[in-house]
Amino acid sequence: MNKRIYLCLAHMSEAGLEQKYIQEAFDTNWVVPLGPNVNGFEKDLEEFVGENKRVVALSAGTAAVHLGLIGCGVGPGDEVLVQSFTFCASSHPVTYLGATPVFVDSEPDTWNMDPALLEEAIKDRIAKTGKTPKAIVPVALYGMPYRIDRIMEIADRYGIPVVEDAAEGFGSRYKGQVLGTFGRYGVLSFNGNKMITTSGGGALITPDEESWREIMMYATQYRESYPYYQHEKIGYNYRMSNICAGIGRGQMTVLGDHLAHHRHVQKLYEELLAGVPGVQVHAQPSTGEFDSNFWLCTLTLDPALRVKGQENAYKTIVQGAVGGAAGVIHAASSAVTDCQPNDNVEAMRVWLDAAGVEARPVWKPMHRQPVYRNCPAYVNGVSEAIFKVGMCLPAGPYVSDEDVRYIVETIKNGIE
């Protein structure tokens with residue numbers, strides 16, 4: 001195996017439509033954060049998500065979370081209930097607005113927000129602060145649908161709007177309905193490693209024309225309709241560029257193929273790793289309600305499992321970004337933290353890396369991140385337990401059946 005196998009990389013459409021739309025943008029001089037491609041991409045997204053929703057294409061999924069929270073009226077001094085088991089883009093925008101994230105732990109089968117714990121958190125925050133939280137942010141972790149029917153029932157009972165973070169779950173469905181269309185707002189991401197890509201970008205699904213217009217205003221510096229620049233609210237430069245949207249229009253033609261591929265890869269991992277002692281592929285519940293896109297395939301390693309090189313785990317400080325191209329701004333002061341994956345998980349990551357396979361730990365729960373150490377958290381131990389044993393495996397369009405077999409054999413060979 002001479003090539004390196006990455007977790008998830010974008011794959012261009014066979015017809016090269018991305019280049020066609022990009023060339024049109026250059027030919028017509030629409031090289032700006034608006035234009036025909038942006039409008040066309042938004043219409044494509046609206047057709048896909050359905051439910052009579054309107055979509056605003058944005059510069060990032062993080063921007064979509066930010067604007068969704070603004071649409072819910074979140075401001076300084078408010079609290080927002082956020083799934084703890086997630087990437088920081090789900091919670092950082094809460095702090096942008098001067099609000100406080102209140103973290104809610106996960107249920108063991110979906111790894112997503114625990115509805116029972118969510119209601120417990122709502123009741124406790126009302127009792128302690130005298131205020132109802134301003135919004136709820138569930139997250140489709142690695143594409144797995146959350147139990148949105150129960151979350152919405154609780155949210156509606158307390159009058160709290162829901163911002164669905166479906167950034168990792170584009171194309172996933174719950175009871176046949178596309179994620180991101182249940183709550184007041186839905187967040188999508190088109191980063192370079194997502195189901196489809198615009199190189200970088202995201203979108204916010206809005207409930208109606210009025211909300212769409214208001215979000216569009218916020219996304220374009222909230223400029224009023226005068227022949228000069230007049231601003232009556234603080235807005236943001238969040239619109240997607242016409243170039244990036246051109247890529248997205250081409251990508252929408254292969255979305256169905258990408259979804260089918262990811263689900264095929266998941267099934268292959270489940271079949272090939274079945275019966276391997278100490279290794280468990282995380283699968284969706286078998287109730288028939290869940291239809292995950294399996295953006296990334298994940299597994300857990302039993303703590304008792306021994307992996308080659310395990311004795312050297314966490315002995316040296318990482319000098320580069322693990323599995324990423326962003327780089328490291330400054331070196332860590334220590335090779336270990338007080339909350340990290342087990343030694344056998346780190347050893348397996350290193351073992352796979354040496355074999356040319358990119359693998360990563362699962363997300364570290366936000367309530368264990370140093371930056372959020374003082375935030376309220378309602379925990380049951382699920383996300384921390386999974387973080388210690390979990391790992392992400394490659395699943396993108398460039399991952400072939402041969403690659404999956406190679407990865408599985410490498411895992412098996414790494415077990416002592």
Side-chain angles (χ1 to χ4, degrees), residues 8 41-42 44-51 53-58 60-69 71-72 80-94 104 106 110-113 115 118 135-152 155 161-191 193-198 200-207 211 215 240 248 251-252 255-256 258-259 262-263 284 289-296 298 363 395:
C8 192
F41 185 41
E42 288 170 339
D44 290 343
L45 291 169
E46 288 171 358
E47 182 178 344
F48 179 80
V49 302
E51 307 297 327
K53 301 291 186 178
R54 297 299 310 274
V55 175
V56 181
L58 301 165
T62 311
V65 177
H66 189 189
L67 295 186
L69 293 172
C72 293
V80 175
L81 296 156
V82 183
Q83 182 170 312
S84 182
F85 205 5
T86 184
F87 179 57
C88 64
S90 305
S91 54
H92 281 2
V94 177
V104 179
S106 297
T110 67
W111 295 6
N112 290 325
M113 183 179 280
L118 168 65
I136 299 169
V137 185
V139 181
L141 195 72
Y142 303 120
M144 186 68 69
Y146 25 70
R147 283 191 164 84
I148 189 60
D149 52 354
R150 294 187 60 194
I151 292 172
M152 289 303 303
V162 172
V163 178
E164 294 179 66
D165 186 347
E168 299 173 9
F170 185 40
S172 295
R173 296 173 183 265
Y174 184 76
K175 294 183 177 180
Q177 186 173 330
V178 174
L179 293 190
T181 62
F182 293 83
R184 181 175 299 181
Y185 295 100
V187 173
L188 302 176
S189 173
F190 311 117
N191 195 17
N193 62 358
K194 292 300 190 295
M195 294 302 297
I196 65 168
T197 185
T198 57
L204 188 66
I205 303 170
T206 67
S211 299
I215 293 299
M240 180 179 286
Q251 287 277 285
M252 285 297 291
L255 173 59
H258 287 194
L259 290 168
H262 280 253
R263 288 164 179 151
Q284 65 186 8
E289 301 166 325
F290 298 82
D291 187 11
S292 175
N293 66 11
F294 293 109
W295 170 57
L296 290 182
T298 56
W363 300 125

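Below, all heavy atoms of this structure are taken into account, side chains as well, without hydrogens, waters or symmetry copies.
Taking 4.0 Å as the cut-off between side-chain N and carboxylate O, K53 and E46 do not count as a salt-bridged pair.
The distance from atom OG of S292 to atom CG of L259, rounded to the nearest 0.5 Å, is 9.5 Å. From R54, atom CZ reaches atom CG of L204 across 12.5 Å, with rounding to the nearest 0.5 Å. With rounding to the nearest 0.5 Å, the separation of CG in L141 from CH2 in W363 is 8.5 Å. In this structure, CE on M152 lies 9.0 Å from CZ on R184, to the nearest 0.5 angstrom. The structure places CG of L45 at 8.0 Å from CD1 of I205, a figure rounded to the nearest 0.5 Å. How far OH of Y146 is from CG of L118: 13.0 Å, rounded to the nearest 0.5 Å.
Side chains of P138 and V162 form a contact here, defined as non-hydrogen atoms less than 4.5 Å apart. Side-chain contact between M113 and V139 is absent, with no heavy-atom pair separated by less than 4.5 Å. Annotation: side chain of D165 is not in contact with side chain of Q83 (no heavy-atom distance under 4.5 Å). Under the 4.5 Å side-chain criterion, counting only non-hydrogen atoms from C-beta, I196 is in contact with M252. Inter-residue side-chain proximity for M195 and S172 is flagged as unmet; no heavy-atom pair is nearer than 4.5 Å. For the pair T62/H92, no side-chain contact is recorded, criterion being any heavy-atom separation below 4.5 Å from C-beta on. At least one side-chain heavy atom of Y185 sits less than 4.5 Å from a side-chain heavy atom of T206. Side-chain contact check for R263 versus D291: some heavy-atom pair is nearer than 4.5 Å.
For K175 against D149, the heavy-atom pair with the smallest separation is NZ-OD2, 2.8 Å. Between A203 and A64 the shortest heavy-atom distance is O-CB, 3.4 Å. Of all non-hydrogen atoms in F48 and V178, the two that sit nearest each other are O-CG2, 4.1 Å. Closest approach of A155 and I136 over heavy atoms only: CB-CD1, 3.8 Å. Of all the heavy atoms in C8 and H262, the pair that sits closest is SG-CE1, 3.7 Å. Contact record, S91 with V82: CB-CG1, 4.2 Å, taken as the closest heavy-atom pair.
Checked against the 6.0 Å centroid criterion, the rings of F190 and F41 qualify as a close aromatic pair. Ring to ring, F294 and Y142 are not that close: their centroids are 6.0 angstrom or more apart.
Of the possible polar contacts, one joining the W295 side chain to the N193 backbone as a donor-acceptor pair under 3.5 Å is found. Between the N112 side chain and the R147 main chain, no donor and acceptor come within less than 3.5 Å of each other. Side-chain N or O atoms of E164 include one that pairs as donor or acceptor with a backbone N or O of F182 at under 3.5 Å. In this structure, T197 contributes its side chain and K194 its backbone to no donor-acceptor pair below 3.5 Å.
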Does the side-chain contact (heavy atoms from CB on, under 4.5 Å) test come out yes or no for M240 and E42, once each step is laid out? CA-CA 10 Å; M240 180 179 286; E42 288 170 339; over 6 Å; no
